[in-house]
Amino acid sequence: MPAKGMLLSSSPHSFTPVSTSKIMLTVVIALVPAAGYGVYLYGLSALALILVSVGSAVAAEFLFRKAINATATVGDFSAIVTGLLLALILPPGTPLYMAALGSVFAIIVGKEFFGGLGANPFNPALIGRAFLLMSFPAAITTWTMPQGLAAAADAASTATPLGLLKQGQALGDIAAYFGSGSPGEFFRQLFLGYRSGCIGESSILLILIGGLFLVAIGVVQWIVPASVLASTFLFSWALGMDPLFSVLSGGIVFGAFFMATDYSTRPLTPTGMAIFGFGIGLLTAVIRKFGGFPEGVTYAILIMNIATPFLNKMRVKKYGFVLPAKQVKPSKEAGK
Amino acid sequence: MAVKTFKGGAHPPERKERSSSIATERLLDVTQVVIPVNQHFGAPLQVLVKVGDQVKRGQKIADAEGRMTVPVHASIAGLVKKIEPRTQSNNTDGPCIVIEASLESNPEDSTEFLPPLDPFACSKEEALARVRAAGIVGMGGAGFPTHVKLAPSKPISVVIANGAECEPFLTIDERTMVERPEDVVEGVAITMKIVNAPEGVIAVEENKAHAVPLLEKAIASSPRTRAGMKIRVELLKTKYPQGGEKMLITAITGKEVPSGGLPMDVGCVVQNIGTLCAMVEAFREGKPLIERGLTVTGGACKKPANLIAPIGTLVADILTKGYAVADDEALRRVIYGGPMMGVAVPSYQIPVQKNTSGVLLMNEEEAKYYDEETCIRCGRCMRACSCRLSPALLAAAVEAGDYKDAEKIGLLDCIECGTCSFVCPAHRQLVQRFRVGKQILRAMKQKEAQNAR
Amino acid sequence: MNKLWKTFKQGIIYENPLLMLMIGLCSALAVTSSVSNGIGMGLAMTFVLLFSEVVISVFRKAIPSSVRIPIFIIIIAAFTTMVDLVMKAYFPDLSASMGVFIPLIVVNCIIMGRVEAFSSKQPLLPVIFDSLGMGLGYTWVMVGIAAFREVLGNGTFAGLPVMPAAYQPILFFILPPGGFLVFGLFISFNIWLKDRMQKSMKERA
Amino acid sequence: MKGIVRLGVVLAIFAAAACASLAVVYSITKPRIEAQEQIALTASLKDVFLEAEEFEDVTESLKSDNLDIAFTNAILVKGGGAPIGVAVKASGPSYGGKAVLLVGLALNRSIAGVRILELNDTPGLGANAKNPGYYVNKAEKTTFPGQFEGKYVTDGFVVKGDVAAITASTITSVALTKIVKTVVDKAALWLESATLSPTPQEGAAAGGN
Amino acid sequence: MLTIIITIVFSIILAFVLGLALGFFQKKFHVERDPKIDEVRAALPGANCGGCGFPGCDGYAEAVATGRAATNKCTAGGASTTEAVSKLMGVDAAGEDLVSVLLCQGTREVALSKGEYVGIQTCRAAKLSTGSVKACTWGCQGLGDCVVVCKFDALAMGEDGLPHVDFDNCTGCGMCAEECPQRLFTMVPRDRKGSVVLCSNRNVLKANVIKTCKVGCIKCEICVKSCPEKCISMVNGIPVTEYSKCTSCGVCVQKCPTKCYKMLETDVMGKKKVPVMA
Amino acid sequence: MDLMKIFLVALLVNNVVLMRFLALCSYVGMTNDVGQSVGMGFAVTFVTVLATAATWPLYHFVLVPLQLQFLQILVFILVIASLVQLVEFYLKKNIPGLYAAMGIYLPLITTNCAILAVTFENITYKYSFIQSIVYSVGVSLGYLLAMVLLAGIRDRMKTSPVPKFLQGTPILFIATALIGMAFMGFSGLIK
Ligand SMILES: Cc1cc2nc3c(=O)[nH]c(=O)nc-3n(C[C@H](O)[C@H](O)[C@H](O)COP(=O)(O)O)c2cc1C
Ligand SMILES: Cc1cc2nc3c(=O)[nH]c(=O)nc-3n(C[C@H](O)[C@H](O)[C@H](O)COP(=O)(O)O)c2cc1C
Ligand SMILES: Cc1cc2nc3c(=O)[nH]c(=O)nc-3n(C[C@H](O)[C@H](O)[C@H](O)COP(=O)(O)O)c2cc1C
Ligand SMILES: Cc1cc2nc3c(=O)[nH]c(=O)nc-3n(C[C@H](O)[C@H](O)[C@H](O)CO)c2cc1C
Ligand code: SF4
Ligand code: SF4
Ligand code: SF4
Ligand code: SF4
Ligand code: FES
């Protein structure tokens with residue numbers, strides 16, 4: 001007879017080698033190009049910001065879970081992703097203590113209060129950003145021009161492309177502001193990544209490389225980014241903005257690939273995802289056009305996050321689906 | 001030829017190479033069998049023998065009235081030693097008839113088969129009666145009475161031989177198709193005759209493509225096809241759970257079995273390879289279902305084997321007799337059936353039953369169990385589910401105790417294939433939740449029905 | 001006396017209207033962006049609660065049960081209006097900053113609840129203690145929440161700067177979402193406090 | 001039926017008693033409440049026009065033609081018996097809803113003062129406009145409304161131009177400036193039509209203010 | 001003064017009209033309903049705060065009266081209201097004073113486990129997947145479904161791997177008995193005296209029982225034979241005491257070789273509490 | 001356009017629950033499931049509009065001429081309470097189907113401060129009758145929206161391992177805080 005006690009378990013008795021921590025690690029890897037480029041553009045202060053944000057996110061998660069006597073979950077690396085994403089959507093000049101505060105808020109209020117990984121209804125990194133934007137509106141809307149690695153900490157403040165648009169400037173003027181001769185050239189510049197903005201959103205090219213890598217290996221489903229970008233394009237155009245400029249400027253591409261696709265806050269069903277993405281695009285365009293802020297990606301995603309539980313009801317028709325109409329017999333109704 | 005398949009599914013490591021090239025061996029020297037009385041899906045049987053009775057090989061030892069019953073036969077000749085509750089391969093205790101072989105008696109007298117019957121000459125009723133009398137149940141897993149399945153109330157357009165064998169590890173259907181292709185073809189023909197179907201398809205997964213020429217040759221040379229029956233082989237993508245009845249039907253006919261319905265609703269009958277061979281023998285030799293093929297394999301199995309064993313053989317006996325060899329040091333988990341749908345049992349002192357297609361002896365690595373983490377809502381389960389259910393949402397509904405919602409999402413449609421649990425990166429015990437949920441939901445519905453009355 | 005004391009204490013922790021009974025929440029969140037508002041609202045509320053309860057307790061026998069609700073409403077509304085008028089006349093700034101929430105005392109669930117549950121059935125003395133306890137329970141929570149929000153979100157306490165000059169106020173806390181968050185944490189804190197007190201009481205027993 | 005009438009009577013008695021006592025409180029507080037409003041307005045007016053003594057309501061003749069911006073009161077302010085300026089209580093939309101301003105224009109067409117009476121914008125942002133400790137120009141310690149003092153009708157009133165904005169609150173700044181500008185324009189026209197112009201020395205005094 | 005007079009006149013008219021209208025409508029649109037609802041409704045504060053999770057006091061009263069809601073949901077009224085409502089409902093709701101008794105003594109030490117169960121840690125799931133995590137098919141799974149379902153804090157998982165009933169707290173609601181997949185709880189009157197067998201193993205083979213559990217009933221029937229009052233009989237493989245005859249003489253308890261026969265009043269209800277698992 | 005603006009501001013920008021902290025008691029109590037919150041939301045909408053339709057004329061055509069504005073609080077709450085009562089009686093007797101769907105929520109509404117607040121604000125903001133009606137619809141649909149959104153999140157939280165000390169009401173308020181943060185996105189949308 002066997003030497004040891006047998007394992008008794010329910011089927012299946014075999015498991016995939018993919019694990020939560022591996023998935024999270026892939027996302028970090030996919031963010032490396034955008035983050036690295038951010039550091040290249042804004043210097044070591046950007047690196048410090050990233051490190052502080054990631055560090056405080058991880059520490060917050062570890063300490064909180066310890067305090068409430070829950071199992072430690074820092075091993076799943078999700079806090080790293082949250083911290084990293086938060087740093088990448090902050091202006092490079094954000095004071096470090098603010099980044100830390102935002103990170104702690106994101107992890108504790110945005111995530112752990114709801115039960116941790118997978119249970120949070122709102123995107124924690126965006127909650128962190130919204131918190132900072134509400135709390136320190138001046139600091140979080142102060143932008144600097146890329147200065148290269150050796151950037152001084154207190155670079156002169158400047159405007160972002162969308163900020164200029166909000167102030168009513170024409171596309172040509174905005175292009176000129178950033179040193180481009182024509183809108184076409186300016187678009188190329190935006191695509192490759194030279195402009196003022198958040199640390200991680202500068203180079204559309206590098207974001208796409210990271211994002212498409214995630215799509216290719218199946219970590220991210222194409223539906224969400226595709227519908228976000230398509231609807232941003234569509235609605236910007238419908239509202240009379242330059243659609244290409246709308247997609248290339250601001251954080252929409254970054255948001256579409258890395259933030260709208262957050263597992264726990266996007267709907268699970270394909271139809272749900274499509275509507276979710278569509279809503280994000282619509283709200284982004286509307287906020288940019290009519291709202292009090294030049295950029296609306298954060299709030300667009302957060303607002304659609306609220307709709308997620310409802311979008312989850314739009315499930316795929318199950319195998320062998322038959323209309324239930326046949327089953328409802330009048331006698332049953334009477335029985336109630 | 002385009003390789004057909006269904007939407008969803010997963011690719012668990014196959015691990016079939018260990019036993020796929022080992023020829024099937026027949027167990028001859030079984031000294032004791034423990035035959036569970038109830039081995040089918042249906043009403044319980046009455047035992048027809050007493051302790052101390054001498055029984056013949058093939059003698060009926062338990063039976064009952066009723067449509068959903070199938071008799072059980074002695075698989076060896078010998079003495080009834082005990083009739084007592086024993087652990088069966090589904091982990092429950094049930095009455096078992098223990099027979100000790102008496103080898104001294106002459107093999108001629110000790111066998112009691114039915115008279116041979118020509119399925120192509122007899123009436124449909126006679127044929128069905130024979131299938132039942134031979135104790136045949138589905139050998140692909142569920143143990144559904146075959147004579148019931150062969151008497152559909154709707155016209156059948158295609159009979160499918162299920163040679164997918166999508167469960168990892170198992171190779172017995174593959175061996176059967178390679179070694180006895182004629183019997184497989186004959187079985188399909190018999191089934192077609194009984195259900196009056198114009199077409200027969202033998203469905204084989206791509207990883208068993210080497211069986212296709214053999215099957216095609218058998219089809220070409222079969223007297224049935226020469227007499228005009230249409231039988232063909234269809235190659236399917238290797239993907240779990242391709243062998244699931246519904247997935248198979250969808251892959252081959254493009255139709256979907258309606259929710260809550262049966263294959264016959266889309267004009268199909270699906271038969272396992274083993275079942276077909278058992279039917280062939282029941283007609284040709286009058287031999288009841290007293291033995292079956294199974295694969296004994298796994299990381300803790302030093303010598304894997306494909307075997308034909310009398311029903312009721314304890315796997316422990318197979319191992320002590322050396323047909324297959326276990327590595328008890330490494331053994332961490334025993335599974336009756338495949339790794340995706342089989343049952344983990346506490347020991348191998350459990351008999352081979354009519355629906356035991358394999359016994360897996362898993363080592364530490366194969367048996368590795370991951371603790372459940374929280375669902376990260378990655379949606380992998382939803383993309384993998386062969387029934388296009390939403391396991392993550394379903395599990396949430398079950399956990400919240402919202403069974404009405406769970407039913408709407410499709411709790412009762414889940415075929416418990418285990419694909420979702422397999423792909424889950426958080427190692428959620430989704431299927432186990434659904435099983436528990438189904439149990440509770442059914443109880444609730446029963447109560448409601450009673451209250452309504 | 002002991003019993004009256006207990007009645008009084010009930011409202012402060014165990015049956016704190018805001019934190020345990022979860023009623024009368026609106027004003028608790030709306031006007032707690034500054035401590036002075038919190039105190040003002042707490043006092044106004046206590047006043048209305050006290051006088052309504054007293055009057056209703058005195059006349060409880062004279063009120064036919066089928067029209068008791070309209071009568072309660074009339075009485076409560078009368079006292080609310082008085083508070084409103086008095087505040088407008090003598091504390092115009094406070095009155096302006098609390099806006100519509102003073103008139104809304106009339107529908108504050110606490111008052112209706114206590115009146116129905118307590119003062120329409122009890123004699124004068126316990127009623128006074130009950131209303132004072134409830135009022136105090138309401139007020140301390142209001143002031144507590146307001147202090148938290150004002151200090152963190154504005155760097156001041158009752159209008160006086162208390163944080164170092166370099167302190168950058170975290171505006172979140174005086175904005176509506178901050179109010180919800182702080183209130184949620186207060187409830188959680190009170191549940192913890194109550195459990196603690198009950199446990200220590202059990203241990204003593 | 002009798003029962004119903006009885007209920008009605010009981011209800012009526014309670015209502016009457018309650019209302020009567022209310023009425024008493026009301027009559028006591030009424031003068032003060034009315035006075036409060038007047039006191040507040042007069043106080044602000046006196047704050048803007050230091051020499052103010054008498055006030056004449058000219059609301060009927062001084063009206064806004066901007067749909068968004070309404071003039072609730074317009075007052076001709078007199079000191080030493082002669083008009084010294086006109087003050088308008090005006091309301092218009094800002095970031096967080098309605099904002100109410102008191103704008104005073106001296107006879108020499110320069111702004112005598114701007115007071116923010118009501119503003120519901122975000123605390124710490126737009127609401128800084130009414131924060132006496134918030135300076136748009138830290139060096140000179142000018143508050144947001146304070147910077148309008150002494151501006152002439154003919155000035156630009158361009159936010160981030162000649163008007164300093166509140167940090168991160170362009171919307172509030174623009175909205176408030178627009179109200180001031182509207183008042184000033186209309187009031188100047190009104191002064192024109194009322195043919196009130198400054199005596200030279202008064203103009204000098206107001207201008208130097 | 002004029003104001004006061006106008007006020008009074010106005011208020012009298014208003015209130016009188018409203019009073020009439022209300023009274024009139026109440027009469028005109030009177031609808032019959034269960035008087036119990038009204039009784040419960042009267043005991044509620046009428047704050048209509050919705051804190052109970054029902055639409056207003058009426059909604060809650062109806063739910064209580066029809067047995068759809070517990071009596072302790074009214075937060076506005078507090079403890080006194082709960083008492084009053086419970087009293088109203090309790091009169092006919094509570095019958096006998098029952099407590100719950102666990103019919104299994106298979107602690108971790110004495111009952112052999114079948115293997116190492118991994119998976120969802122609930123008794124029901126364990127039972128469904130393994131038949132029973134213990135070698136004994138009938139025994140307690142020890143995963144505490146009953147503890148979770150007890151609303152009265154009357155059950156706790158002991159360090160011995162069995163749930164233990166706190167008889168002071170147990171209200172006899174029967175939720176645990178309902179929930180246990182092994183059906184191991186029986187509801188007995190709190191003052192019940194007599195003997196009881198604390199085993200549910202219905203496997204009739206003595207050898208099977210001995211192999212799996214040291215305190216299982218081995219079907220020796222010594223209890224049946226030794227009872228002087230002849231009040232014990234085997235039902236379905238388990239000895240059952242007939243309480244109308246049992247005199248609590250204790251012979252069966254003394255004779256039982258595996259000590260699974262116990263005296264309810266001393267061994268079960270009067271037993272010392274087992275330390276609870278952390 | 002003006003009406004549209006009033007409506008949208010009331011619905012989104014100054015959402016009664018999320019930004020103005022009104023009607024919180026029922027917001028916490030009645031969001032157990034989506035159906036319930038929808039029922040309550042529509043009941044509130046109905047009564048708010050009715051209350052506006054009753055109190056606006058009463059104020060302008062009775063209280064103002066009589067100079068009894070100071071009785072506003074008393075009169076309004078009495079009128080609303082009676083109105084609710086009458087509607088309830090009426091529905092119960094004459095349209096039991098509708099009563100079953102929505103009538104059960106009516107008693108709760110008497111003490112819903114949003115309704116009273118709306119009727120007061122119609123007066124303070126000097127809205128015309130039409131504007132008042134639009135405003136009341138906007139506010140109450142805003143209430144419905146907030147209720148439904150929270151109900152959705154609550155539904156989801158049923159299976160979340162929320163830390164023990166936050167379970168129950170605390171987490172509802174925290175969730176509301178975050179919904180409110182998301183709604184900040186609408187601020188400044190309509191100027
Ligand atoms: C950018 C992109 C676009 C895609 N577009 C589609 C599409 O339009 N339709 C589609 O069915 N699959 C599309 N796919 C592939 C699906 O994401 C997915 O891989 C496939 O449907 C899964 O098929 P399987 O079930 O056979 O593995 C796309 C993939 C990528 C990366
Ligand atoms: C997920 C799943 C996988 C299955 N895989 C196989 C298989 O690989 N081979 C097989 O013969 N039957 C398999 N079955 C059983 C078939 O669905 C079906 O019951 C069987 O082919 C019918 O034949 P039988 O009645 O002869 O057993 C599977 C069932 C399920 C639910
Ligand atoms: C929570 C919050 C409240 C705000 N409140 C105001 C406000 O009251 N007034 C205002 O002008 N801007 C306010 N803003 C900022 C505006 O939305 C916007 O950023 C600003 O008007 C742009 O002005 P800037 O060009 O000065 O940065 C607020 C922003 C946030 C996030
Ligand atoms: C995912 C993502 C979301 C963002 N959301 C916002 C936003 O909601 N508001 C904002 O002002 N900036 C946001 N930003 C930053 C924004 O794109 C840009 O830096 C300036 O706001 C442009 O004016 C976001 C950036 C990223 C990467
Ligand atoms: S076990 Fe059920 S839910 Fe899971 S994949 Fe299979 S059919 Fe879908
Ligand atoms: S695969 Fe697992 S983690 Fe992913 S959604 Fe499904 S249950 Fe959740
Ligand atoms: S569930 Fe009920 S019967 Fe069981 S122990 Fe608890 S209170 Fe007693
Ligand atoms: S008594 Fe029943 S429910 Fe309780 S732990 Fe044992 S098996 Fe589980
Ligand atoms: S609903 Fe506003 S205080 Fe209760």
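FYI, side chains are in, hydrogens and waters are out, and symmetry mates aren't considered; it's all heavy atoms of this structure. Letters go in sequence order (proteins before strands), and every chain restarts at 1. A quick note: this is a predicted structure, and the numbers were derived from the prediction, not measured.
Note: Leu393(B) CG to Leu268(A) CG = 5.0 Å, rounded to the nearest 0.5 Å. Distance CG/Leu389(B) to OH/Tyr319(A): 11.5 Å, rounded to 0.5 Å. Rounding to the nearest 0.5 Å gives a distance of 9.0 Å between CZ of Arg266(A) and CZ of Arg377(B). Atom-to-atom distance recorded for Ile409(B):CD1 and Lys313(A):NZ is 7.5 Å, nearest 0.5 angstrom. In this structure, OG in Ser14(A) is found 9.5 Å from CD in Glu167(B), a value given to the nearest 0.5 Å. Note that the OG atom of Ser390(B) and the NZ atom of Lys318(A) stand 10.5 Å from one another [nearest 0.5 Å].
Using a 4.5 Å heavy-atom threshold, the side chains of Leu331(B) and Met6(A) count as touching. Side chains of Tyr263(A) and Cys378(B) form a contact here, defined as non-hydrogen atoms less than 4.5 Å apart.
Of the atoms belonging to Ser421(B), heavy atoms from both backbone and side chain fall under 4.5 Å from chain A. The part of Lys368(B) that comes within reach of chain A is its backbone (N, CA, C, O), which places non-hydrogen atoms under 4.5 angstrom from that chain. Contact annotation for Cys385(B): neither backbone nor side-chain heavy atoms come within less than 4.5 Å of a heavy atom of chain A. Contact of Val220(A) with chain B is not made at all, since no heavy-atom distance falls under 4.5 Å. With a 4.5 angstrom heavy-atom cutoff, Val345(B) touches chain A only via backbone atoms. Heavy atoms closer than 4.5 Å to chain A are found in the backbone of Ser386(B), but not in its side chain. With a 4.5 angstrom heavy-atom cutoff, Ile335(B) touches chain A only via side-chain atoms. With a threshold of 4.5 angstrom between heavy atoms, Met382(B) approaches chain A through side-chain atoms but not through N, CA, C or O. Contact annotation for Gln432(B): both backbone and side-chain heavy atoms come within less than 4.5 Å of a heavy atom of chain A. If you measure heavy-atom distances from Ala426(B) to chain A, the contacts under 4.5 Å come from both the backbone and the side chain. With a 4.5 angstrom heavy-atom cutoff, Leu8(A) touches chain B via backbone and side-chain atoms both.
Between Arg333(B) and Leu7(A), the shortest heavy-atom distance links the atoms CD-O, 3.6 Å. Arg435(B) and Ser10(A) make their closest contact through NH1-OG, 2.8 Å (heavy atoms, listed as atom of the first residue, atom of the second, distance). Residues His13(A) and Met362(B) share a closest heavy-atom pair of O-CE, 4.1 Å. Contact between Pro12(A) and Gly418(B) at its shortest, heavy atoms only, is CG-O, 3.4 Å.
For the options Lys255(B), Gln429(B), Arg380(B), heavy-atom pairs under 4.5 Å to chain A are most numerous at Arg380(B). Chain B forms more heavy-atom pairs under 4.5 Å with one residue of Gly115(A), Ser11(A), Ser19(A) than with any other, namely Ser11(A). Ranked by heavy-atom pairs under 4.5 Å with chain A, the first of Gly342(B), Gly410(B), Ala367(B), Gly379(B) is Gly342(B). The residue among Lys246(B), Met247(B), Glu373(B), Arg388(B) with the most heavy atom pairs within less than 4.5 Å of chain A is Arg388(B). The residue among Phe422(B), Tyr370(B), Phe6(B) with the most heavy atom pairs within less than 4.5 Å of chain A is Phe422(B).
Annotation: Lys66(A), atom NZ; neighbour count of heavy atoms from other residues, nucleotides and ligands within 6.0 Å does not exceed 12. Annotation: Phe62(A), atom CZ; neighbour count of heavy atoms from other residues, nucleotides and ligands within 6.0 Å does not exceed 12.
Between the Thr374(B) side chain and the Leu117(A) main chain, a donor and an acceptor come within less than 3.5 Å of each other.
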